[in-house]
Amino acid sequence: MQLEKYKIDEINQQQLADHKRKFEYVAEGINNLDDVLTKLEAFNVAIPSWALGTGGTRFGRFSGGGEPGSLEEKIEDVGVIQALNKSSNSISLHIPWDIPSNPSAIKALAAQVGLRFDAVNSNTFQNQKDQKYSYKFGSLHHVDKAVRQQAVEHNIEVIKYGVELGSNALSVWLADGSNFPGQLNFRGAFQNTLESLQEIYAALPDDWKVWVEYKPYEPNFYSTTIGDWGQSYLLASKLGQKAQTLVDLGHHLPNTNIEQIVSLLLMEGKLAGFHFNDSKYGDDDLTVGSINPYQLFLIFNELVEGMDARGMKHATDIGWMIDASHNLKDPIEDLIQSVEAIKIAYAQALIVDTAKLKAAQASNDTVQAQEILQQAYRTDVRALVAESRLRAGGALNPLATFRALDVRGNLIKERGATTVATGL
Ligand code: RM4
Ligand code: MN
Ligand code: MN
């Protein structure tokens with residue numbers, strides 16, 4: 001289904017007076033208002049094709065109604081999100097979970113709802129149908145050259161799909177690692193990974209990047225071959241300019257200072273982008289901002305400061321993407337919440353008084369530095385985000401509008417109701 005703009009406008013109309021009051025109140029205290037609104041309007045976050053259905057856990061999956069059954073339907077769902085929030089103008093595919101059988105038709109369909117294709121993701125963490133060699137003991141790091149070769153070829157095939165879709169980045173996440181001490185020679189595994197990535201790197205078109213994602217554990221629990229940002233950075237450095245590190249917020253051990261990692265990667269020109277999510281314990285893949293919104297703000301604060309220091313364009317010089325899984329919530333509602341949380345954190349970072357913060361840092365005024373950051377964080381910027389969305393032609397309140405228009409109800413009518421989950 002496609003959302004008609006006049007319906008969104010009608011609902012906006014009902015909320016306009018209330019919005020205006022809130023907007024004027026917050027706008028008054030902001031010096032760089034036009035700049036903030038323009039930047040917010042330009043800022044988009046890619047939606048992963050795998051987040052539009054119910055994820056589930058290894059203990060079971062409880063699917064919801066009206067879930068998309070095909071790539072075409074997933075594109076439709078991202079189109080709905082984009083129509084509402086005007087901040088989700090691209091989709092990221094995981095191959096072979098979503099194989100575009102006719103890439104040019106898929107590209108055209110996406111364009112119809114205002115979407116383009118973001119990074120393409122390879123998958124060598126599962127065996128695929130008719131695959132010759134098993135990934136049980138890893139893929140790009142495997143001790144057997146033939147297995148590595150198969151995984152390299154898969155990645156090159158993913159690049160080819162990406163080229164046809166108009167994407168310009170390959171995102172690589174490996175499940176490679178070991179479960180037991182002694183299982184693996186760490187240097188051997190790293191060298192094999194590097195060599196495999198070099199072959200993939202050689203197949204990248206000129207204007208492409210490869211994003212190397214890290215993760216400290218799971219599905220392997222003793223070691224992962226690209227376990228942290230240092231290991232990813234080492235690979236990216238050895239590979240060359242087209243390789244950078246991808247930061248997935250859930251891929252850190254508890255209490256890791258992610259904002260510091262981000263700051264240094266950015267300084268080195270090695271920050272590829274983000275997989276946004278939130279977590280309490282590990283790779284929980286929860287709604288962005290649902291557990292630790294302050295950390296998200298601190299990350300954006302480093303991003304804005306670091307990108308400005310390098311003269312980078314906020315909206316396009318870094319890859320912004322959500323990587324989430326939905327077990328309980330309506331996936332579309334959750335994604336709307338996630339994008340909103342990202343934009344709120346971004347808006348708060350944009351209103352930090354940078355000059356004052358620098359002065360506080362230079363005079364070791366710790367108290368003042370904290371005050372400055374928290375002044376921005378505790379400002380209710382939601383009306384700024386809403387105003388930028390209104391100017392872009394979206395909904396003042398995407399979530400409320402999604403519900404008011406009963407989008408899910410309509411999708412259930414079109415695609416069918418809940419299927420009975422099988423589980424333990
Ligand atoms: C991994 C990692 C990857 C994602 C898979 C599905 O934990 O976050 O980015 O593609 O999950
Ligand atoms: Mn990820
Ligand atoms: Mn993950």
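Whatever order the structure lists them in is the order used to number ligands and atoms, beginning at 1.
Residue contacts with ligand 1: W50 is placed with no nitrogen or oxygen under 3.5 Å of a nitrogen or oxygen of the ligand (distance criterion only). Polar contact check, W173 against ligand 1: no nitrogen or oxygen pair lies under 3.5 Å apart. Among the atoms of N121, none of the N or O lies under 3.5 angstrom from an N or O of ligand 1.
Rounding to the nearest 0.5 angstrom, the gap separating the CD1 atom in I322 from the CD atom in Q337 is 10.5 Å.
Residues Q112 and Q2 bring no donor and acceptor atom of their side chains to less than 3.5 Å of each other.
Between E387 and R391 there is a salt bridge, since a side-chain N of the basic residue sits under 4.0 Å from a carboxylate O of the acidic one.
Counting only heavy atoms of the protein, atom 6 (C) of ligand 1 lies nearest to W97 CH2, 3.8 Å.
For residue D248, an N/O/S atom approaches the Mn ion (ligand 2) to within less than 2.8 Å. Look at H275 and the Mn ion (ligand 2): an N/O/S atom of the residue is under 2.8 Å from the metal. Because the distance cut-off is set at 2.8 Å, D283 qualifies as a neighbour of the Mn ion (ligand 3) through one of its N, O or S atoms.
The aromatic rings of F297 and Y377 sit tilted relative to each other, their planes meeting at an angle between 30° and 60°.
Looking at D283 against ligand 1, only its side chain comes within 4.0 Å, counting heavy atoms.
When distances from the Mn ion (ligand 2) to the N, O or S atoms of D323 are compared, OD2 comes out shortest. Note on E213: its N/O/S atom closest to the Mn ion (ligand 2) is OE2.
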